[in-house]
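So the structure is just underneath, and the comments pick up after that.
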Amino acid sequence: MLTALDGVYGDRKDALSVAGRTASYEELLGAARAVAADVAGAPAFAVTATASLETVAAAVGGLLAGVPFVPLPPDAGPAEREHVLRDSGAVLIDVDFGRRSSGSAGPGAAPGAAPEDPALVLYTSGTTGAPKGVVLTGAAIAADLDALAEAWQWSAEDTLVHGLPLFHVHGLVLGVLGALRSGSRLVHTGRPTPQAYAEAGGSLYFGVPTVWSRIAADAPAAEALGGARLLVSGSAALPAPVFRDLERLTGLRPVERYGMTETLITVSGRAGGEVRPGTVGTPLPGIRTRIAAEPGAEIGELQLTGPTLFSGYLGRPEATAAAYTQDGWFRTGDIAAVDPADGVHRIVGRASIDMIKSGGYRIGAGEIENALLDHPRVSEAAVVGVPDADLGQRIVAFVVAEGVTGAELTEFVAAHLSVHKRPREVRFVAAVPRNAMGKPQKKLLLTGEFGPQAG
Ligand code: MCA
Ligand code: AMP
């Protein structure tokens with residue numbers, strides 16, 4: 001059983017508030033049962049995962065039915081939606097939160113809802129190609145949420161507040177299933193604005209660094225969070241100045257945690273523990289980590305094992321195998337260091353320049369390049385993540401093209417992929433610098449040491 005919905009924590013009328021609408025556990029369970037009845041027997045089902053009670057009901061309904069839930073990004077263009085639906089084989093359904101079923105099947109009672117069954121398929125980008133479906137079992141999710149509850153002393157006494165998208169691990173697994181499993185009240189603010197966080201009156205707050213830096217820049221909003229118990233940041237590195245501003249304005253030292261869609265959250269600071277800016281804490285119970293460093297070096301690729309890992313990329317055994325070392329450790333692709341004195345981990349960066357994190361979203365450069373190359377007027381494209389004070393990195397596309405504007409290309413990407421994958425900037429160049437093998441030399445693009453601009 002993945003959630004506490006069967007009344008272990010009593011039934012609060014206001015157990016959930018999502019984008020301004022409130023529901024009790026009983027109402028959620030009724031709506032989720034109706035979803036479960038609709039999707040029973042399907043190989044998987046998809047819902048356009050807006051920030052809404054409907055998405056929450058879909059996630060719980062999938063767990064009740066033992067049918068994997070595929071949350072579709074609501075801003076995805078037709079090509080991305082089609083890819084996800086075709087690749088997952090999911091049936092697309094609409095959820096009507098008002099249509100409730102009072103069937104007697106309680107959580108976990110449905111046939112097939114075994115812990116080792118796939119519960120979620122989350123699509124995420126690699127460095128090249130289209131997004132892959134990451135298959136997560138109920139057992140992996142439960143192990144992660146229980147480890148986090150222990151690390152953060154997260155309980156039914158808490159009110160969790162966040163406004164993150166409900167189609168990724170952060171907002172959906174931690175931010176929805178975590179609240180349901182711990183029995184804490186959930187306030188989803190619709191969008192993660194400083195003002196909405198300030199007005200929500202929670203004890204526990206989740207955000208990506210972009211959200212925290214916008215809050216830190218809004219002193220009254222930040223000060224309003226001073227009554228909270230714990231502020232948690234993740235999905236990308238929290239800049240040290242943002243950490244310090246938050247501490248000054250709220251009196252709280254934000255806790256950072258580290259994870260991936262494929263591994264769930266594996267390393268975290270602890271509530272009540274010592275927290276240092278620029279570090280992500282120590283491995284959660286059950287997780288083992290190691291640094292694959294060159295002899296004599298202290299930093300290297302972070303590799304890990306544990307019960308929270310995914311069961312593979314859907315239908316891609318080669319990609320799954322390539323994600324592991326020969327001795328069975330998952331290769332995160334992140335470069336990290338571990339303090340020998342206390343085991344505290346520090347994420348130094350990504351191994352690949354082609355993996356971009358913008359506003360906490362993971363975006364593969366190759367996916368955007370392919371979309372741009374699909375435009376008839378584009379002959380070459382190279383996409384990089386340029387350091388950005390607000391977003392961590394912002395997507396910049398270098399293109400060789402004629403007879404098309406940057407705004408047109410940005411819209412073209414939005415229409416094919418997702419709105420949040422749009423380049424912020426399109427720079428027209430005469431040629432993309434390449435090495436002798438023909439591979440784009442993206443470091444030159446980042447430092448600006450490349451050939452003449454077009455036009
Ligand atoms: C954005 N806009 C644009 C462009 N990009 N307009 C034209 N061209 C562009 N290229 C528009 C937006 O649509 C929006 O318009 C406005 O500009 C502001 O956009 P933006 O600055 O992006 O702000 P935002 O829309 O508020 O987004 C920032 C955000 C968002 C809220 C922080 O990036 C976000 O929700 N990030 C969370 C990602 C996340 O949950 N990742 C977790 C992955 P308008 O205002 O009209 O709409 S899971 C994970 O990483 C692991 C497991 C982990 O560790 O958690
Ligand atoms: P995603 O697949 O969207 O879940 O993104 C996972 C990636 O986010 C990781 O591989 C890291 O590069 C990055 N990430 C997540 N949390 C942190 C953190 N606290 N500090 C630095 N990077 C992070």
Side-chain angles (χ1 to χ4, degrees), residues 49 51 73-75 122-127 131-132 134 136 144 148 162-175 178 189-194 196-197 206-215 232-239 243 254-269 277-281 301-302 304 308 310 323 330-336 345-352 355-364 368 385 388 390-397 406-407 409-414 417-426:
D75 69 348
L122 302 182
Y123 276 79
T124 192
S125 305
T127 51
K132 295 190 282 286
V134 171
L136 296 165
D144 204 51
L148 290 175
H162 72 93
L164 297 167
L166 299 188
F167 49 91
H168 281 312
V169 164
H170 200 162
L172 182 64
V173 176
L174 276 58
T189 58
R191 286 184 70 120
T193 61
Y197 273 42
F206 291 169
V208 295
T210 300
V211 169
W212 290 121
S213 90
R214 292 177 185 181
I215 290 172
V232 183
S233 179
S235 303
L238 184 71
F243 180 104
V255 163
E256 259 201 273
R257 92 295 179 289
Y258 160 85
M260 287 185 79
T261 306
E262 290 88 336
T263 65
L264 301 177
I265 307 309
T266 48
V267 182
S268 180
T279 64
V280 295
E301 186 186 33
L302 179 65
L304 42 87
T308 66
F310 71 147
F330 180 78
R331 308 179 48 137
T332 65
D334 288 305
I335 306 299
H345 288 46
R346 187 163 56 87
I347 308 298
V348 180
R350 288 284 318 174
S352 171
M355 191 71 94
I356 300 169
K357 267 269 159 163
S358 188
Y361 284 117
R362 165 169 152 187
I363 299 147
I368 301 177
D388 184 279
D390 179 44
L391 298 166
Q393 289 180 300
R394 71 173 180 280
I395 306 171
V396 176
L409 289 178
T410 300
E411 274 319 301
F412 187 77
V413 171
L417 305 175
S418 295
V419 166
H420 66 265
K421 293 178 181 171
R422 278 177 301 195
R424 300 269 161 167
E425 212 181 305
V426 177

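Remember, it's 1-based here, ligands and their atoms both numbered in the order they're listed.
When heavy-atom distances to ligand 2 are checked against a 4.0 Å cut-off, H168 has no atom that comes that close, whether in backbone or side chain. The proximity of M260 to ligand 2, defined as any non-hydrogen pair under 4.0 Å, involves the side chain as well as the backbone. The side chain of K357, and not its backbone, has at least one atom closer than 4.0 Å to an atom of ligand 2 (non-hydrogen atoms only; side chain from C-beta on).
Evaluated by nearest non-hydrogen atom to atom 27 (O) of ligand 1, the leading choice among E256, R214, H420 is R214. Of all the listed residues (A236, G234, P209), A236 holds the heavy atom that lies closest to atom 22 (N) of ligand 2. Counting only non-hydrogen atoms, the option in V255, V169, I363, T261 that gets closest to atom 4 (O) of ligand 2 is T261. In this comparison of K421, K357, R422, H168, the heavy atom closest to atom 50 (O) of ligand 1 sits on K357.
When side chains are defined from C-beta on, L174 does not count as touching H162, because their heavy atoms never get closer than 4.5 Å.
The N/O atoms of I265, backbone and side chain alike, include none that comes under 3.5 Å of an N/O atom in ligand 1.
Heavy-atom distances between P423 and ligand 1 reach below 4.0 Å in at least one pair. Under the 4.0 angstrom criterion for non-hydrogen atoms, M260 is in contact with ligand 1.
Within ligand 2, the atoms closer than 4.0 Å to a non-hydrogen atom of V280 are 19 (N), numbered from 1 in the order shown.
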